[in-house]
Amino acid sequence: MRIYNGKSVFSGIAIGKICVYKKDEQQVKRVKISDIEEELARFAAAKEEAARQLQELYNKALKEVGEANATIFEVHQMMLEDVDYNESVENIVRSQEVNVEYAVAATGDNFSRMFAAMDDDYMRERAADVRDISERILTILNGDGEHRAVTEEPSIIVADDLAPSETVQLDKDMVLSFVTVHGSTNSHTAILARMMGIPALVNTALPMDETVDGKLGIVDGGTGRIYVDPDEKILAEMTKRQQEELKKKELLQTLKGRENVTLDGQKVMLYANIGNIKDLAMVMQNDAEGIGLFRSEFIYLEKEDYPTEEEQFQIYKQAAETMAGKRVIIRTLDIGADKQCDYFEMEHEENPALGYRAIRICLTRPEVFKTQLRALFRASAFGKIAIMYPMITSIKEIRRIQEIVSEVKAELDAQKTPYGEPEQGIMIETPAAALVSDLLAREVDFFSIGTNDLTQYTLAVDRQNPKLDEFYDPHHPAILRMIAMVVENAHKAGIWAGICGELGADQTLTGEFLAMGVDELSVAPGSILPIRKIVLETNVGEYKARHH
Ligand code: PEP
Ligand code: MG
């Protein structure tokens with residue numbers, strides 16, 4: 001038995017086979033070949049398929065995002081035919097008598113390095129394109145589908161790190177737990193683990209090799225440990241604890257159907273955070289009163305290309321219909337920083353968290369924003385959808401959003417397309433928004449405080465950097481004061497304010513939030529019933545007398 005320590009991002013116990021997930025399964029082996037012509041014929045066929053895919057992407061992009069943004073696929077098509085690129089691949093195959101996968105990977109590497117070193121900005125950007133095109137050809141050569149299943153039985157996934165885009169593509173029924181070697185407890189991958197309600201560890205120094213892969217493992221989200229090849233004693237002890245936790249969960253189920261009201265009659269809305277309509281089952285099972293944060297960017301992260309208005313409409317409509325009149329707050333696209341989508345073709349940034357993300361992308365690429373808004377407005381005719389805008393810092397941004405929303409509505413009117421009138425609120429997740437929340441409150445229907453980013457930006461601590469986890473302190477008085485201030489400003493303007501960041505689920509603060517008058521807590525589905533229990537047992541008047 002071996003024991004490795006990590007940092008827990010969600011408690012609970014998972015017991016099962018360990019599966020080591022290596023990103024670079026695309027990793028290309030160099031293999032000697034005998035039939036050079038056959039190898040080059042494979043290359044020609046793969047290129048043809050790549051050209052077909054790119055044409056499809058171009059057509060789709062032309063329709064959805066306009067010609068200027070679609071041209072990138074034309075550029076890729078041209079690169080496929082680039083004489084130097086093709087000569088390099090052919091030359092490597094012929095002279096070294098090696099497989100075409102190796103030749104494509106080597107050419108891609110060499111060319112992208114060469115472009116990256118150029119002075120010209122335009123040429124430097126082509127480095128990513130060459131890499132992209134080479135990867136596309138490799139995927140085709142490998143005959144991979146779009147989403148590779150990682151395991152065939154429910155397993156503990158051990159990975160070096162997982163990007164949000166990779167995490168959303170994992171088959172959730174097959175994941176008992178995540179354990180990553182790197183990663184921070186505040187990252188979106190950690191948030192996803194919490195939403196899935198599975199034990200997970202980050203920052204766990206375990207080897208990603210055959211001493212771990214395929215072995216029996218136990219993840220203890222309580223202590224932040226993973227046991228590899230556990231001995232009989234630990235296995236028995238952990239199995240027993242797992243059963244006890246299950247019983248505790250069952251006990252909480254008896255709270256289903258109860259109103260979220262304190263002993264002295266103060267009500268609070270307990271909503272769920274989701275990233276996918278597949279999470280709706282968890283929302284129902286845990287008796288959420290609504291959805292407080294649907295991270296719509298995960299729809300984008302799961303795809304290889306911009307989701308169409310119709311695709312999005314169907315998803316939002318399904319959420320609205322399933323929740324049957326309960327509020328469904330859908331946050332508009334919050335891409336950028338750690339949530340990267342290749343097809344957005346974003347430039348490298350020195351400080352991505354302070355960079356081009358969320359509403360900043362939507363306001364500068366209104367065609368992308370409008371597609372989503374049209375889908376949201378249309379879907380809101382089918383239930384109680386509310387729209388929430390992320391990363392707001394100023395009134396100016398709200399005015400610009402209002403203009404775009406008016407244009408979208410005018411277009412829908414002109415096309416006689418039916419739509420509803422969703423509530424529109426904003427996230428308060430920058431110190432600027434908190435400080436001008438009295439002004440912002442006059443412009444919107446509600447506030448939802450994003451404590452994850454609010455902590456990052458207020459304390460100047462990168463939420464992605466595991467070295468800074470000890471400095472990332474959402475209990476800092478600066479954060480708690482801002483929350484209290486935002487709630488007060490919301491109430492003065494007659495609107496409600498909730499918390500949808502991870503701090504909302506912090507059970508040591510539930511009493512404090514109630515005392516501040518927080519109207520809504522939106523948490524991972526698995527946290528709803530434990531918080532309901534606290535709400536039911538709290539007397540806010542007494543709490544204030546004791547603590548304030
Ligand atoms: C937040 O910042 O608190 C939030 C809820 O948004 P995200 O974690 O997706 O950035
Ligand atoms: Mg945020």
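Remember, it's 1-based here, ligands and their atoms both numbered in the order they're listed. Quick caveat, the model's predicted, so the values are computed rather than measured.
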Need the ligand 1 atom indices (1-based, order shown) with element for anything under 4.0 Å from a heavy-atom of [X].
{"X": "Asp453", "result": "1 (C), 2 (O), 3 (O), 10 (O)"}
{"X": "Glu429", "result": "1 (C), 2 (O), 4 (C), 6 (O)"}
{"X": "Lys339", "result": "9 (O)"}
{"X": "Gly501", "result": "3 (O), 5 (C)"}
{"X": "Leu293", "result": "5 (C)"}

If you measure from each heavy atom of [X] to ligand 1, is any distance below 4.0 Å?
{"X": "Arg463", "result": "yes"}
{"X": "Met427", "result": "yes"}
{"X": "Glu502", "result": "no"}

Enclosure of [X] [atom1] (heavy-atom neighbours >12, cutoff 6.0 Å):
{"X": "Asp473", "atom1": "CG", "value": "yes"}
{"X": "Lys267", "atom1": "NZ", "value": "no"}
{"X": "Lys7", "atom1": "NZ", "value": "yes"}

For [X], which part has a heavy atom under 4.0 Å from ligand 1: side chain, backbone, both, or neither?
{"X": "Asn273", "value": "neither"}
{"X": "Ile191", "value": "side chain"}
{"X": "Arg331", "value": "side chain"}

Arg463 and Tyr472 side chains, donor-acceptor separation under 3.5 Å:
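No, Arg463 and Tyr472 have no side-chain donor paired with an acceptor closer than 3.5 Å.
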
Verify the distance criterion only: is there a donor paired with an acceptor across the side chains of Asp160 and His182 at less than 3.5 Å?
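Indeed, the side chains of Asp160 and His182 share at least one donor-acceptor pair under 3.5 Å.
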
is_close_aromatic(Tyr300, Tyr306), centroid dist under 6.0 Å
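Not close enough - the centres of the two rings lie 6.0 Å or further apart.
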
Where do Phe178 and Met196 come nearest, in terms of heavy atoms and distance?
CE1-SD, 4.2 Å

Which pair of heavy atoms, one from Tyr316 and one from Ser296, lies closest together, and at what distance?
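That would be OH-CB, 3.8 Å.
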
Closest approach of any protein heavy atom to atom 5 (C) of ligand 1, naming residue and atom:
Arg295 NH2, 3.5 Å

Protein heavy atom at shortest distance from atom 7 (P) of ligand 1
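In this structure, atom 7 (P) of ligand 1 has His188 NE2, 3.2 Å as its nearest protein heavy atom.
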
To make sure I understand the geometry: which N, O or S atom in Asp453 is closest to the Mg ion (ligand 2)?
OD2

Euclidean distance, Glu520 CD relative to Ile449 CD1, rounded to 0.5 Å
10.0 Å

Hey, is ligand 1 close enough to Asn452 that some N/O pair sits below 3.5 Å?
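Yes, at least one N or O pair falls under 3.5 Å.
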
Metal check, the Mg ion (ligand 2) vs Glu429 N/O/S, cut-off below 2.8 Å
yes

Salt bridge flag under 4.0 Å for residues Arg400 and Glu403:
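Yes, charged N to carboxylate O under 4.0 Å.
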
